[in-house]
Amino acid sequence: SQQGEEDPQALSIQEGENATMNCSYKTSINNLQWYRQNSGRGLVHLILIRSNEREKHSGRLRVTLDTSKKSSSLLITASRAADTASYFCATGGGSNYKLTFGKGTLLTVNP
Amino acid sequence: GAVVSQHPSRVICKSGTSVKIECRSLDFQATTMFWYRQFPKQSLMLMATSNEGSKATYEQGVEKDKFLINHASLTLSTLTVTSAHPEDSSFYICSATPSMRDSPLHFGNGTRLTVT
């Protein structure tokens, strides 16, 4: 069953704007990860935030985690056309390293 | 960075034949690899967990006799789709982990299987 649920399912913005995607999950977690998938390709790991962290930055990416609400958000600032992709949150990664992925947000950045 | 190579990227086969997909970790040892299936515009569905030197663990609803997984070394796992049918047409993706705490998964580029 899907653990993470991304919102919105699809997001279309103009280059230069910020994009915010949200993820909700159901059970307790060790960490939450965000991945990106270009069409027809594999996934690329973007960022991992541990359950005891509230915010993390990596370049133009900012991830927040609210364990009380069981939710996370991914913010991409100053978006570029090359950011067009699907973005997935994933939870799990316990002793069996198994991750469960959400349904993803399809981000389209228009030039 | 960690690289996972998946081969082939595309394969077309006739109904009833078998297809083998390879997943290799190129610069790290992967005691654990995962095989996913992805339908168009949907999320990844975990099929099985492949552990080096032992039998794979299949998720509920995945036929182990149809999707044969072999993890013979620390850098190679294979998925064989046996007696393929058109409904097996899908995008198959492997991932690998160096099995350290909080280490991310590293994904191959996927295999587009089309069964005619």
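First the proteins, then the strands, lettered A, B, ... as listed; each starts at 1. What you are looking at is a predicted structure, and each value in this text was computed from that prediction instead of being measured.
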Exercise: do A/Asp7 and A/Gln9 side chains pair donor with acceptor under 3.5 Å: no
Pair B/Ser89-B/Thr114, side-chain donor/acceptor within less than 3.5 Å: no
Pairing of B/Lys66 and B/Asp88 as salt bridge, 4.0 angstrom limit: yes
Atom group of B/Gln60 that falls short of 4.5 Å from chain A, counting heavy atoms: neither
Heavy-atom proximity to chain A below 4.5 Å, by part of B/Gln6: neither
Under 4.5 Å from any heavy atom of chain B - which part of A/Leu48: side chain
Choice from A/Gly40, A/Ser39, A/Ala90, A/Ser86 maximising heavy atom contacts with chain B below 4.5 Å: A/Gly40
Residue A/Gln37 versus chain B: region with a heavy atom under 4.5 Å: side chain
Check ion pair B/Glu22-B/Lys20 (N to O, under 4.0 angstrom): no
Proximal component of B/Leu105, with respect to chain A [non-hydrogen, under 4.5 Å]: both
Ion pair check, A/Glu55 and A/Arg62, cut-off under 4.0 Å: yes
